[in-house]
J.: 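Mind having a look at this structure? Questions to follow.
Labels below follow one simple rule: chain letters A, B, ... track the order of the sequence lines, proteins then strands, and each chain is numbered from 1.
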Amino acid sequence: MSEEKSLNFIEEIIENDLNSGKYSSIITRFPPEPNGYLHIGHSKSICLNFGLALKYGGSTNLRFDDTNPVTEDTEYVESIKDDIKWLGFNWTNEYYASDYFDQLYEYAVILINKGLAYVDDSSSEEIAQLKGTPTEPGKDSIYRSRSIEENLQLFNEMKEGKFKDGEKVLRAKIDMAHTNMLMRDPIIYRIKHAHHHRTGDKWCIYPMYDFAHGQSDSIEKITHSICTLEFIPHRELYDWLIEHLNIFPSHQYEFARLNMTYTVMSKRKLLQLVTEGHVSGWDDPRMPTISGFRRKGYTALSIRNFCEKIGVAKRENLIDLSLLEFCLREDLNITAKRVMAVLDPVKLIITNYEENKTEYLNSENGPDESLGSRSIPFSKELWIEREDFMEVPAKKWFRLAPGAIVRLKSAYIVKCESFEKDASGNVSCIHCSYIPESKSGQDSSGITVKGTIHWVSVAHAETAEVRLYDRLFKVENPSAEEGDFKEYINPDSLHIIEKAYIEPSLKNAAMEERFQFIRKGYFCLDKDSNEDKLIFNRTVTLKDTWTKMKD
RNA sequence: UGGGUUAUGGUGUAACGGUAGCACUACAGAUUUUGAUUCUGUCUGUCUAGGUUCGAAUCCUGGUAACCCAACCA
């Protein structure tokens with residue numbers, strides 16, 4: 001018997017609804033507002049909504065919640081669709097709240113006719129004033145008692161553009177003393193003489209979120225409308241509107257949004273990072289956006305697995321970035337092609353190796369045989385990593401040092417005979433002798449070494465720019481710190497290596513390929529690359545127990 | 001000082017009155033032509049005080065803490 005995976009609370013609700021016959025199938029929706037790029041937090045919602053429909057044989061709509069024309073744009077619509085597809089999900093229908101503007105207007109008229117909505121001429125300050133506070137009840141507006149006829153006429157005039165922005169609003173007539181602030185006669189329509197990215201200039205009044213979302217769910221017959229915790233207080237209004245409009249009863253359920261260490265997740269903050277130039281754009285590889293992770297080299301599978309592992313519950317959480325990185329490495333480890341690249345080079349000369357000779361050595365592309373193998377040029381002069389040589393070796397040092405032996409990956413065992421330093425005291429060249437019988441794959445030397453290092457032949461090396469990324473913030477939870485979150489930006493989150501030496505096979509790297517630069521981490525080509533210049537992003541480092549040991 | 005939501009190892013998440021489990025992290029060891037991977041093991045937990053019960057993370061009562069709600073944002 002396989003172990004039964006426990007259900008999260010939403011799955012339990014759905015199974016109950018299905019078993020009780022309340023629904024025969026489910027419909028979910030993913031409802032982004034097109035006013036920014038999707039981030040890793042959205043991927044939790046996407047995986048949940050699409051995943052549920054997949055699991056229970058239902059369908060999922062993509063619905064853009066585009067009720068505020070001043071913040072929204074088609075650029076965002078396109079990026080959102082692109083990111084969802086990249087994540088691996090397909091929506092059943094593509095809808096827009098703006099598709100329902102006519103219907104929503106009719107709903108508002110119904111409410112007015114029932115005496116459940118009125119036009120208020122108060123300013124926003126006055127409305128706020130009369131709203132009261134969480135501990136004090138609000139007071140009725142003097143416009144609250146307008147007749148149905150007058151409300152009908154005024155609302156129509158609002159639609160006709162007779163008034164300026166802010167002059168009037170339409171409010172639901174509920175209860176100004178309600179303990180839930182959202183039920184104190186919420187505004188449901190406001191005037192905005194603004195161009196909408198889809199409806200153009202057809203409308204100058206736009207429904208508020210609360211008057212659009214639930215009804216849109218209802219129109220689409222969404223069975224389970226899943227959103228984040230901060231919408232809990234809205235549920236009462238959501239249900240109130242559905243009840244008084246007497247429309248299909250969609251139900252709202254709330255789960256805790258994803259928070260992750262060393263980053264921020266609010267669109268407002270992410271927008272700030274972009275507009276103030278702290279990052280190069282929404283898809284900067286340091287951003288927690290889906291496009292940022294994607295550009296950095298993350299795989300869709302790793303993000304989906306991550307969303308699966310973090311679970312769904314109602315309590316506030318702060319997930320360790322290391323769990324995401326674990327999911328990433330788990331995937332990349334089996335799919336990434338192993339190659340060699342030297343990021344911080346120092347020259348190694350094999351004193352007893354023939355001048356001008358080139359040997360082509362076979363090297364496996366990865367631990368899994370299906371990845372195949374390739375041949376790599378080897379010659380007398382090689383680039384190796386500067387950090388792989390220590391003039392005075394540390395305790396338990398496995399790598400190169402005066403007199404020490406080490407294997408050159410897929411090649412020979414070498415012994416360090418001497419080294420040179422330049423005028424400023426830096427090691428400039430290392431002289432080694434090699435052991436011809438130790439050739440990789442046909443080693444008859446009988447020598448065992450503790451360390452294996454990577455290398456690139458000087459004469460055959462190609463060059464590339466390599467971009468190394470570190471966490472964007474210095475602290476685990478920048479939003480919870482004192483003062484402005486931007487004070488906690490990590491000043492060293494980007495390190496550019498102008499000229500790294502890479503093995504020649506990398507010259508043919510493709511955009512979608514993933515590589516492991518042996519011992520250095522996982523890398524992929526950046527979109528800034530061109531034929532003359534290769535640029536690699538470090539997706540994530542390898543786990544490194546050695547540097548930890550030293551501390 | 002109102003209403004709502006939530007409290008399980010360092011971090012997440014299970015256990016639905018009957019052995020507190022799983023994953024990540026951390027640490028230790030084995031293997032390794034990547035100090036990676038893989039494998040083995042270890043550490044750490046039911047917010048608190050009472051109560052009900054043969055038995056409580058779970059039920060009851062009282063505290064405490066965190067988060068959300070007073071945009072013509074979503």
Side-chain angles (χ1 to χ4, degrees), chain A residues 3 5-8 12 31-33 35 65-68 70-72 120 122-124 127-129 131-138 165-171 178-184 187-192 206 208-210 212-213 227-236 254 256 261 267-268 309-327 329-330 333-334 338 340 363-364 366-367 396-399 406-411 413 438 440-441 443 448-454 476 516-521 541-549:
Chain A
E3 270 167 57
K5 196 177 177 300
S6 58
L7 303 175
N8 65 50
E12 281 184 9
E33 183 189 12
N35 68 344
D65 232 331
D66 54 351
T67 56
N68 186 0
V70 303
T71 57
E72 296 154 7
D120 195 328
S122 308
S123 67
S124 62
I127 290 176
Q129 192 67 240
K131 193 150 197 176
T133 69
T135 53
E136 302 162 74
D165 289 9
E167 273 186 9
K168 287 181 167 48
V169 291
L170 183 71
R171 304 178 71 177
H178 206 286
T179 52
N180 180 348
M181 299 293 287
L182 275 152
M183 298 296 276
R184 322 246 260 228
I187 293 167
I188 57 178
Y189 260 96
R190 77 291 214 189
I191 300 169
K192 274 182 197 278
Y206 293 92
M208 296 285 288
Y209 164 85
D210 286 300
H213 202 100
C227 61
T228 46
L229 253 29
E230 64 270 28
F231 289 95
I232 288 177
H234 294 252
R235 189 175 60 228
E236 200 168 9
E254 311 86 7
T261 54
K267 262 192 209 170
R268 200 196 92 240
K309 281 196 208 303
I310 58 178
V312 178
K314 296 190 83 145
R315 87 182 77 124
E316 294 288 335
N317 57 74
L318 182 63
I319 312 270
D320 259 327
L321 174 62
S322 56
L323 179 59
L324 213 211
E325 293 184 336
F326 166 81
C327 294
R329 293 188 183 110
E330 186 184 39
N333 178 47
I334 55 176
R338 314 292 134 123
M340 295 202 279
S363 187
E364 74 285 358
K396 298 188 107 180
W397 179 254
F398 297 170
R399 314 179 197 170
V406 83
R407 175 173 291 279
L408 296 170
K409 172 73 181 170
S410 298
I413 292 175
S438 66
S440 183
D443 187 344
T448 55
V449 295
K450 277 199 175 135
T452 298
I453 64 172
H454 60 279
E476 281 205 337
Q516 185 195 107
F517 288 3
I518 289 180
R519 304 206 302 134
K520 298 310 293 179
T541 59
L542 257 30
K543 273 184 71 177
D544 183 359
T545 45
W546 167 246
T547 38
K548 252 187 273 181
M549 261 170 75

J.: A:Y189 near the nucleic acid: base, sugar-phosphate alone, or nothing, with a heavy-atom cut-off under 4.0 Å?
T.: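 No contact.
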J.: Taking the side chain of A:D544 as its heavy atoms from C-beta onward, which of B:rG35, B:rU25, B:rU1 lies nearest to it?
T.: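 Of B:rG35, B:rU25, B:rU1, B:rG35 is nearest to the side chain of A:D544.
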J.: If the cut-off is 4.0 Å, is A:K309 near the phosphate of B:rU11, judged by side-chain N/O to OP1 or OP2?
T.: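 For B:rU11, neither OP1 nor OP2 has a side-chain N or O of A:K309 closer than 4.0 Å.
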J.: Using whole Å, report how far CG of A:L229 lies from C1' of B:rC68.
T.: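 The answer, rounded to whole Å, is 8 Å.
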J.: Could you give the CZ-to-C1' distance, from A:R407 to B:rA36, as a whole number of Å?
T.: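 These atoms are roughly 18 Å apart.
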J.: Looking at the angle O4'-C1'-N9-C4 for a purine or O4'-C1'-N1-C2 for a pyrimidine, is B:rA71 syn or anti, with syn meaning within 90° of 0?
T.: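 You should classify B:rA71 as syn.
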J.: B:rA66 C1' sits how many Å from A:N317 CG, rounded?
T.: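 Rounding to the nearest Å, CG of A:N317 and C1' of B:rA66 are 13 Å apart.
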J.: Is the distance from OP1 or OP2 of B:rU13 to the nearest side-chain N or O of A:S6 less than 4.0 Å?
T.: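 No.
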J.: At less than 4.0 Å, is any side-chain N or O atom of A:R519 found next to OP1 or OP2 of B:rG35? Yes or no.
T.: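 Checking A:R519 against B:rG35: at least one side-chain N or O falls below 4.0 Å of OP1 or OP2.
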J.: At under 4.0 Å, does any side-chain N or O of A:T452 touch on OP1 or OP2 of B:rU32?
T.: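 No, A:T452 has no side-chain N/O under 4.0 Å of OP1/OP2 on B:rU32.
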J.: Does the aromatic ring of A:Y209 sit over the six-membered base ring of B:rA74, closer than 5.5 Å centre to centre and tilted less than 30°?
T.: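 Base of B:rA74: not stacked against A:Y209.
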J.: With a 3.5 Å limit on both atom pairs, tell me what B:rA70 is paired to, counting Watson-Crick and G-U wobble, or say none.
T.: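 Paired with B:rA70, as far as the under-3.5 Å criterion goes, is no nucleotide at all.
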J.: Please give, in whole Å, the distance from B:rA71 P to A:I187 CD1?
T.: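 To the nearest whole Å, that distance equals 9 Å.
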J.: Distance check, P atoms only: B:rA49 and B:rG17, in whole angstrom units.
T.: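 It works out to 24 Å between them.
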J.: Side chain of A:R190, heavy atoms from C-beta onward: which of B:rG35, B:rA26, B:rC73 has the nearest atom to it?
T.: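 So the nucleotide nearest the side chain must be B:rC73.
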J.: Base, sugar-phosphate or nothing for A:G441? Non-hydrogen atoms, less than 4.0 Å.
T.: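 A:G441: base contact, heavy atoms under 4.0 Å.
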J.: Quick check for you: among B:rA15, B:rC73, B:rU37, whose closest atom lies nearest to any side-chain atom of A:E12?
T.: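 Of the options given, the side chain of A:E12 lies nearest B:rA15.
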J.: If you only use heavy atoms from C-beta on, which nucleotide in B:rC69, B:rG35, B:rU5 is closest to the side chain of A:P233?
T.: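 Looking only at side-chain atoms, A:P233 lies closest to B:rC69.
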J.: So what does A:T133 touch, heavy atoms closer than 4.0 Å: a base, only the sugar-phosphate, or nothing?
T.: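 Answer is base: heavy atoms of A:T133 come under 4.0 Å of a base.
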J.: Looking only at atom P, what distance separates B:rC43 and B:rG21, rounded to whole Å?
T.: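 B:rC43 and B:rG21 have their P atoms separated by 12 Å.
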J.: Is a side-chain N or O of A:R338 found less than 3.5 angstrom from the main chain of A:I518, in a donor-acceptor match?
T.: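 Absent.
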J.: Which part of the nucleic acid, if any, lies within contact of A:L318, taking any heavy atom under 4.0 Å across all strands shown: a base, the sugar-phosphate backbone alone, or nothing?
T.: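 The answer is sugar-phosphate, as A:L318 gets under 4.0 Å only of primed atoms, P, OP1 or OP2.
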J.: Nearest 0.5 angstrom please: A:D210 CG to A:F231 CZ, how far?
T.: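 Those atoms lie 8.5 Å apart.
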J.: Do A:Y206 and A:R190 have side chains that get closer than 4.5 Å, going by heavy atoms?
T.: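 They are in contact (side-chain heavy atoms under 4.5 Å apart), so the answer is yes.
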J.: Can you check the distance between B:rU40 and B:rU13, where both ends of the measurement are the P atom (answer in whole Å)?
T.: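 Going atom to atom, P in each nucleotide, I get 27 Å.
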J.: Starting at atom NE2 of A:H234, determine the distance to atom P of B:rA74, rounded to an integer number of angstrom.
T.: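 Answer to the nearest Å: 10 Å.
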J.: May I ask you to say what A:L182 touches in the nucleic acid, namely base, sugar-phosphate or nothing, with a heavy-atom cut-off under 4.0 Å?
T.: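 If one applies the 4.0 Å heavy-atom cut-off, A:L182 turns out to touch nothing in the nucleic acid.
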J.: Which nucleotide wins on minimum distance to the side chain of A:W397, given the candidates B:rA71, B:rG35, B:rA36?
T.: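 For the A:W397 side chain, the nearest candidate turns out to be B:rG35.
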J.: By the 4.0 Å heavy-atom rule, please label A:R184 as base, sugar-phosphate, or nothing.
T.: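 No contact.
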J.: With distance as the sole criterion, do the side chain of A:S440 and the base of B:rU33 form a donor-acceptor contact below 3.5 Å?
T.: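 Pair found.
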J.: Taking only side-chain N and O atoms of A:K548, does any of them lie within less than 4.0 angstrom of OP1 or OP2 on B:rA26?
T.: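 Yes, because at least one side-chain N or O of A:K548 sits under 4.0 Å from OP1 or OP2 of B:rA26.
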J.: Base, sugar-phosphate, or nothing: which does A:I310 touch, judged by heavy atoms less than 4.0 Å apart?
T.: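 Sugar-phosphate: the residue A:I310, judged by heavy atoms under 4.0 Å, touches backbone atoms but no base.
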J.: If you go through the side-chain atoms of A:R329, does one of them form a donor-acceptor pair with the base of B:rU37 closer than 3.5 Å?
T.: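 Side chain to base: no pair below 3.5 Å.
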J.: Is any side-chain N or O of A:E254 under 3.5 Å from a base N or O of B:rU5, one able to act as donor and the other as acceptor?
T.: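 Side chain to base: no pair below 3.5 Å.
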J.: List the steps, then state whether ring pair (Phe, Tyr, Trp, His ring centres under 6.0 Å) holds for A:H234 with A:Y209.
T.: CA-CA 10 Å; A:H234 294 252; A:Y209 164 85; 5.7 Å; yes
J.: Tell me: CZ of A:F398 to P of B:rA36, nearest whole Å?
T.: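 These atoms are roughly 9 Å apart.
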J.: Once you round it to whole Å, what is the distance between P of B:rC68 and CZ of A:R315?
T.: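 Nearest whole value for this atom pair: 18 Å.
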J.: Whole Å only: how far is the CG atom of A:L321 from the P atom of B:rU11?
T.: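 Taking CG of A:L321 and P of B:rU11, I get 16 Å after rounding.
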